[in-house]
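Quick notes on the structure that follows.
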2 protein chains.
Amino acid sequence: MTINLKQLSEMLGLSQTTISRALNGFPEVSAQTRSRVLKAVRETGYRPNRAAQRLATGRAGSLGLVMPIAAGVDSDVHFGEFLAGLGEEAIKHDFHFVINPSAPEDEAGMVRRLAASGNVDALYIAYVRRDDPRIPLLHTLNIPFMVHGRAVDQSVHDYPFLDIDNTGAFHDATRLLIQLGHRRIGLINGPAHFAFAIRREKGMKKALVENGLPFDETLVHHGQMTDSFGHQVMERLLDGPNPPTAILCSSTVLALGAVRALDRRGLKLGRDMSLIAHDDELPMLKPENFSVPLTTTRSSLRAAGARIAERMISRVLQNGDPAEQELWRTELIVRDSTGPAPRGH
Amino acid sequence: MTINLKQLSEMLGLSQTTISRALNGFPEVSAQTRSRVLKAVRETGYRPNRAAQRLATGRAGSLGLVMPIAAGVDSDVHFGEFLAGLGEEAIKHDFHFVINPSAPEDEAGMVRRLAASGNVDALYIAYVRRDDPRIPLLHTLNIPFMVHGRAVDQSVHDYPFLDIDNTGAFHDATRLLIQLGHRRIGLINGPAHFAFAIRREKGMKKALVENGLPFDETLVHHGQMTDSFGHQVMERLLDGPNPPTAILCSSTVLALGAVRALDRRGLKLGRDMSLIAHDDELPMLKPENFSVPLTTTRSSLRAAGARIAERMISRVLQNGDPAEQELWRTELIVRDSTGPAPRGH
DNA sequence: CAATCCTCTCAAAGCGCTTTGGACGGCTCG
DNA sequence: CGAGCCGTCCAAAGCGCTTTGAGAGGATTG
């Protein structure tokens, strides 16, 4: 139903070439012709067919991402926030994104198919694992890509990524707790196979070791970043033989559950228990709005999304970014959920 | 770098036609040839170029959605959950989706462009307004579409949608509160221009009227569905001259903030104040995990996403769905956040 | 044994765009 | 005045696939 180039060219008595050039800003079209074309486009509502455009040019303004999904698997709150950042930037350059849902176990296959399908200009991957097979795979695939995060033990190093300094963040947070006199510190972390979780644990461990404190594995728990998991772990820790006096949480969502467990027992945050959470700046859950405002390590997930889109797009448009690697430091924001360790410990 | 049909056909000494047919399951290819082709495909990693496929067939297995986005606008937690449902179903049919970010004020324009661009087979719209201009627009656009929700005052009625019975949900919830003896009931709702918010308010009003109770506008508040807004409204209501004894919340996220306001004042949920929230089944925030488990009107957003994908795909594949309209009833799940109205009221 | 029917394969057209390699006037310049 | 140039425009090729219409060869039929 929608009009195409050929029809438009017949209407105007011009060649398809001229119209194409007029639309794409080539200089060899007279001003008069160009405005005639633009007027006709406005009136007819003509839009170039993207598939044809892509076939002809090899690119069509789209970023690809694979979204891990499965019937039983929970969706991730952080995904929406990240997408918002990505979109915010993409819209400036008239890019859209193609989301391919994929079973978690087939992510590598989906990446490969997405790249070969030829309908994305660049690829994005996240939820990086320790030694993520997708990274070497992408290297062989000959398509621009960006990694959100970075692998831990891997021979491949020269790939473009944006990551936050997870180790540094949790190192700093732990050090603050130690300075406040805490000796037993718990960690409620994300799933153990994710690189960010590995690094956060590492940062915590490092600070403990630097200060001559033991690292107690029983205080560390990995799982889904949900309210329920935070609650469950906190309960378990409090019921343990020798509960910690401070807790690190990998997300404010986990903190939500953890705090609830404290409330239920009448324990006061910042006095009976200190807590520092990592804050991705989810708009629906602000650390300053907790009953006791939360001390956090802060880094905007949305800003990361925007930056990643920016870099992918500039690579696609050939404006550089030769495998640049970016590591963002997080901010340690001290609020009321941290306080001196209770006596008797 | 990736191999194409022509190269593959030369490798095998077969025509492109035969390979295409072998791959797409046409009967007129001998079993032997077919398996030879499949073997070669496996070995070379050949994938048909989607853009070419789309150009040739007119379809390419993609659903389009526009995502409202802007620099200052918060991302919506519910979006990710919905997307999960959509993806879960899409993957079964090897569909992907194309997300076009759009400034909220240009959503109609983006819908039009997306339809004309020809790179989606069907369109999805959500965040329906009272009299949403996108619906009549889609009607003229000659592309399959699905509306999540439905408009309120609109001359156009014959479009395919999936909606939940928002009026019924809040009617039932309100009736329960009235039966428990509540006379003053507050409502913390989503943004006032959204159809779902309008219907929820209507449902509440209806129950009040049916029971001869007055509808007090000062107890109704509209805004972003965030923790902060829930908290802010609850504080304001409690500080008012004649506070309600029960509250309806349009989301568990709003309830989160509202409950926090109650906790801060030492008010006990289910005793000093009753609360019913609408529950979209966000995995990160379960009503049964609140300090006092929440009574809710429940409906799975994820299931809605899956169903919408299913219907769009079946329309694209010509398997029917002649403008079918679906209205899902919600379940009223009674937990501990509702109780008899306190005496003295 | 010729006529017919399958079975399997192919060449070529076409989807809607971009881009290459001219072509055609009207200028300027020596 | 003819060579060269510039400003505009165009015809046609090509992107990688699907699909139409046909053909070659072998099997089946009367």
Side-chain angles (χ1 to χ4, degrees), chain A residues 1-38 40-41 44-62 94 113 115-121 143 317-318, chain B residues 1-38 40-41 44-62 94 113 115-121 317:
Chain A
M1 194 86 309
T2 59
I3 192 173
N4 64 20
L5 224 206
K6 188 173 175 192
Q7 292 164 10
L8 192 65
S9 77
E10 283 163 2
M11 276 181 53
L12 288 171
L14 286 170
S15 75
Q16 302 185 32
T17 310
T18 302
I19 297 180
S20 174
R21 297 207 143 142
L23 257 34
N24 295 323
F26 282 70
E28 58 268 76
V29 177
S30 71
Q32 190 203 336
T33 305
R34 190 187 302 273
S35 68
R36 247 185 85 212
V37 170
L38 291 178
V41 165
T44 57
Y46 166 76
R47 294 284 156 190
N49 178 304
R50 287 276 203 171
Q53 223 166 15
R54 156 162 284 283
L55 196 56
T57 60
R59 83 196 111 75
S62 60
D94 198 25
R113 266 169 284 161
S117 79
N119 65 10
V120 298
D121 297 324
I143 182 173
L317 303 179
Q318 311 286 11
Chain B
M1 194 86 311
T2 58
I3 191 172
N4 63 21
L5 224 206
K6 189 173 175 193
Q7 292 163 8
L8 191 65
S9 76
E10 283 163 3
M11 276 181 52
L12 288 171
L14 285 170
S15 74
Q16 302 185 32
T17 310
T18 303
I19 297 179
S20 173
R21 298 206 142 142
L23 256 34
N24 295 322
F26 281 70
E28 58 268 77
V29 178
S30 72
Q32 189 203 335
T33 305
R34 191 187 302 273
S35 70
R36 246 185 86 210
V37 169
L38 291 177
V41 164
T44 58
Y46 166 77
R47 293 284 157 191
N49 179 303
R50 286 277 202 171
Q53 222 164 17
R54 155 164 284 284
L55 197 55
T57 59
R59 82 196 114 73
S62 61
D94 197 25
R113 266 169 283 159
S117 79
N119 64 10
V120 298
D121 297 324
L317 303 179

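Below, all heavy atoms of this structure are taken into account, side chains as well, without hydrogens, waters or symmetry copies. By convention in this document, chain letters (A, B, ...) are assigned in the order of the sequence lines, proteins followed by strands, and residues within each chain are numbered from 1. Predicted, not measured: the structure shown is a model, and the values here were computed from it.
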Next on the checklist: Short of 4.0 Å, heavy atom to strand atom, which residues of residues 31-38 of chain A count as contacting DNA chain D?
Outcome noted: A/Thr33
Next on the checklist: Quick check on A/Arg113: does its CZ atom have over 12 non-hydrogen neighbours (other residues, nucleotides or ligands) under 6.0 Å away?
Outcome noted: yes
Checklist entry - Hey, are the side chains of A/Ile143 and A/Val120 touching, using non-hydrogen atoms and a 4.5 Å cut-off? => result yes
Checklist entry - Is there any salt bridge (Lys or Arg N to Asp or Glu O under 4.0 Å) pair reaching into residues 22-34 of chain A, and which pairs are they, with sequence neighbours excluded? => result A/Arg21-A/Glu28
Checklist entry - Rounded to the nearest Å, what distance is computed from the CD atom of residue B/Glu28 to the C1' atom of nucleotide D/dT20? => result 11 Å
Item to check | Residues which pass side chain to side chain contact (heavy atoms under 4.5 Å, CB included) with A/Asn24, listed by chain and number, not counting sequence neighbours | outcome: A/Ser20, A/Phe26
Item to check | For B/Ser15 against B/Ser9, the heavy-atom pair lying closest together | outcome: C-CB, 4.0 Å
Checklist entry - Does B/Asn4 reach the side chain of B/Asn49, with side-chain heavy atoms less than 4.5 Å apart? => result no
Item to check | Under the side-chain hydrogen bond (donor to acceptor under 3.5 Å, both in side chains) test, residues paired with A/Ser30 that sit two or more places apart | outcome: A/Thr33
Checklist entry - Looking at side-chain heavy atoms only, is the closest gap between B/Asn119 and B/Arg54 below 4.5 Å? => result yes
Next on the checklist: One thing to verify: whether B/Asp94 and B/Arg50 come together as a salt bridge, which I'm taking to mean a side-chain N less than 4.0 angstrom from a carboxylate O.
Outcome noted: yes
Next on the checklist: Counting primed atoms plus P, OP1 and OP2 as sugar-phosphate and everything else as base, spell out the protein contacts along nucleotides 10-19 of chain D at 4.0 Å heavy-atom distance: B, S or - for each nucleotide, 5' to 3'.
Outcome noted: BBB-BBBBBB
Item to check | Sub-4.5 Å side-chain heavy-atom contact between A/Thr44 and A/Gln7 | outcome: no
Next on the checklist: Tell me the interatomic distance from B/Glu10, atom CD, to C/dA11, atom P, rounded to whole angstroms.
Outcome noted: 11 Å
Checklist outcome for this item: Per-helix bend value, the helix from C/dC1-D/dG30 to C/dG30-D/dC1, C1' rotation axes over five pairs per end, 10° rounding, shows 50°
Checklist outcome for this item: Taken to the nearest whole Å, CG/A/Leu12 to C1'/D/dT8 is 16 Å
